[in-house]
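A short worksheet on the structure shown next.
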Amino acid sequence: MSTKNNAWEYADSIENASHINLRKQYDLYIDGKWVKPSSNKYFSSSNPHDEKHIADVSEANEEDVDLAVQAAEKAYELWSKISAAERGKYIFRIARLMQEQARELAVIESLDSGKPIREARDIDIPLACNHFFYYAGWADKLEYAFPNQHKKSLGVAGQIIPWNFPLLMAAWKIAPALATGNTVVLKPAETTSLTALKLAEIIEASGIPPGVVNIVTGFGDTGAAIVAHPKVSKIAFTGSTAVGKLIQKTIAGSNKRATLELGGKSANIIFGDAPIDQAVEGIINGIFFNQGHVCCAGSRLFVEESVAEKVIRKLKHRMQSLQVGNPLDKNTDVGAINSKEQLKIINRYIDIGIKEGSEFFQTDCAIPTEGYYCRPTLFINVAQSSILAQEEIFGPVLTIQTFRTVDEVIQKANNSPYGLAAGVWTDKGSKIFNLTSKLKAGVVWANTYNKFDPSSPFGGYKESGFGREGGLHGLGAYLK
Ligand code: NAI
Ligand code: MG
């Protein structure tokens, strides 16, 4: 079953990457068993660093999705009735098993997605475990969370996740669904299925009743089959705004509930009175964390004119020290772009920016000659009307604009079809409170950026979607 494959080659060469255990081929995880896809079709999951094949993954069709939904529906009868404390125990068990396998999960995540091992190890995997721990704790306290409201679970939750935080998004989706007594059919993104399949093994080992969690892999049509299935009561989706809109069309007029976490074009605002060096670190983290494949990336920088020259000079200097390269190298700051398609999208935006004539800056670090890589990139003095300032790029590309007054920056920051997150950097608490009340964003960070915690709700306004995940709000999304 578990066989050595070429993933071991990487593992052998890198000290941090020992003990990874991947199958050559993954079937679908349905009703507590590994089931062959009915079409017998598999596709390759590869490493964006060198395009090498890692493992084969099943392509689920409508028939397979139907099987998974039926299993989840059957399991719901049991799962929604067992004691809440018992449900919590299973979720705790999953969290602990994930922790035990944290190193292996981090290496696989980095291999399959292109994210730096340092981020997978220190952020993604621990946070994913924490989501299970956090929601395990809520399972038998729902009456305290929603006093006298007699909340009930929804049934089968269909969950579709993206490739930027594969295991973490699976945790965000599965943990609250289980804690509230729902059952799950989850589809990971086609370029990053492997940690979700490792999670299926962990779920299997936890002894949770079969069918409570089903993991089906595949492309967009697999996702569409989950969305369209009549026995799915709730859709939880994270991904592009375009697919979010398709999902809304499909479920219009049905009783399906949905939460959609879509794109973003978040403003990171630096005032002249901010601690500048700290703010520069915040800008770097805001846009270059996970190669900028972050829905809440601080991709639009607004700098107060009086300090703009200084901030941009320091930012360029700091960017030159970023190491771009093999995600499995512990010194790597910026890893590989997740896919060839995504690299194409990013490069197309860079070309547009250059044509539009904004000042362009890229670091001159060495980057690998094969694989999907993009240098950290700035566009300075970008016009508000520029495509670059309007559209989500989802890569290591930052646009910079300046402002003079608070009202001006609020107006500019809110002038976007999106409303997911924002950052404010200032020494003045009053300014922070003023901006947090006026920025149309689901999350506003003050003097920090990209800080996540299971207890804090996350979600957007406008084209960034609706509904909240995380915290108490995240429970509410799985209850009626
Ligand atoms: P996508 O929205 O197509 O993929 C996300 C997930 O949805 C994947 O699991 C995919 O298989 C699934 N999916 C695709 N079509 C579907 C359908 N019709 N019904 C149900 N599920 C479907 O995103 P993609 O194509 O990978 O990336 C394109 C752009 O989307 C990126 O450049 C980025 O701007 C944005 N994006 C934003 C994300 C975010 O977290 N805000 C995450 C991923 C992409
Ligand atoms: Mg991959």
So, taking the atom named [atom1] in [X] and the one named [atom2] in [Y], what distance separates them when rounded to the nearest 0.5 Å?
X      : Y      : atom1 : atom2 : value
Leu197 : Arg23  : CG    : CZ    : 8.5 Å
Ile337 : Ser113 : CD1   : OG    : 11.0 Å
Leu154 : Ile235 : CG    : CD1   : 11.0 Å
Tyr42  : Tyr26  : OH    : OH    : 12.5 Å

Would you find a donor on one side and an acceptor on the other, under 3.5 Å apart, between the side chain of [X] and the backbone of [Y]?
X      : Y      : answer
Gln291 : Ala336 : yes
Lys256 : Val227 : yes
Arg257 : Lys234 : no
Tyr76  : Val184 : no
Lys115 : Asn164 : yes

Side chains of Ser38 and Asn61: do they bring a donor and an acceptor to under 3.5 Å?
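Note: Ser38 and Asn61 side chains meet the donor-acceptor criterion.
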Just checking, any donor-acceptor pair under 3.5 angstrom between side chains of Ser386 and Glu356?
yes
Flag the pair [X] / [Y] as yes when at least one side-chain heavy-atom distance between them is below 4.5 Å, and no otherwise.
X      : Y      : result
Met98  : Lys198 : no
Val324 : Arg375 : no
Trp79  : Tyr90  : yes
Lys340 : Glu51  : yes
Ile287 : Pro396 : no
Trp172 : Ile161 : no
Ser299 : Tyr418 : no
Ile174 : Phe132 : yes

Checking side-chain hydrogen bond (donor to acceptor under 3.5 Å, both in side chains) between Asn338 and each of Thr191, Asn290, Thr192, which is the one that passes?
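That would be Thr191.
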Aromatic contact, Phe165 with Phe289 (centres under 6.0 Å):
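Ring centroids of Phe165 and Phe289 are less than 6.0 Å from each other.
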Test salt bridge (Lys or Arg N to Asp or Glu O under 4.0 Å) applied to Arg118 and Asp329, Asp124, Asp333, the passing residue
Asp333
Check Glu109 with Arg121, please: is the shortest side-chain N to carboxylate O separation under 4.0 Å?
no
Does a side-chain N-to-carboxylate-O contact under 4.0 Å join Arg348 and Glu391?
no
Under the rule for ring pair (Phe, Tyr, Trp, His ring centres under 6.0 Å), what residues qualify as partners of Tyr449, not counting sequence neighbours?
Trp445
Is atom CD of Gln362 surrounded by more than 12 heavy atoms (other residues, nucleotides or ligands) closer than 6.0 Å?
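Yes - once you tally the heavy atoms of other residues, nucleotides and ligands closer than 6.0 Å, there are more than 12.
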How are the rings of Phe43 and Phe219 set relative to one another: parallel (under 30°), tilted (30 to 60°) or perpendicular (over 60°)?
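Tilted, since the angle between the ring planes falls between 30° and 60°.
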Once you measure the plane-to-plane angle for Phe92 and Phe133, does it fall in the parallel (<30°), tilted (30-60°) or perpendicular (>60°) bin?
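Geometry flag for Phe133 against Phe92: tilted rings.
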Within 45° cone and under 6.0 Å: Arg468 NZ/CZ vs Tyr461 ring:
yes
Would you tabulate the side-chain donor-acceptor contacts of residues 81-88 under 3.5 Å, counting partners in other chains and residues two or more places apart, or write 'none'?
residue	atom	partner	partner atom	Å
Lys81	NZ	Glu77	O	3.2
Lys81	NZ	Glu77	OE1	3.2
Ser83	OG	Glu86	N	3.1
Arg87	NE	Leu178	O	3.4
Arg87	NE	Ala179	O	3.4
Arg87	NH2	Ala179	O	3.1

Using the test salt bridge (Lys or Arg N to Asp or Glu O under 4.0 Å), find all partners of Glu392 that sit at least two apart in sequence or belong to another chain.
none
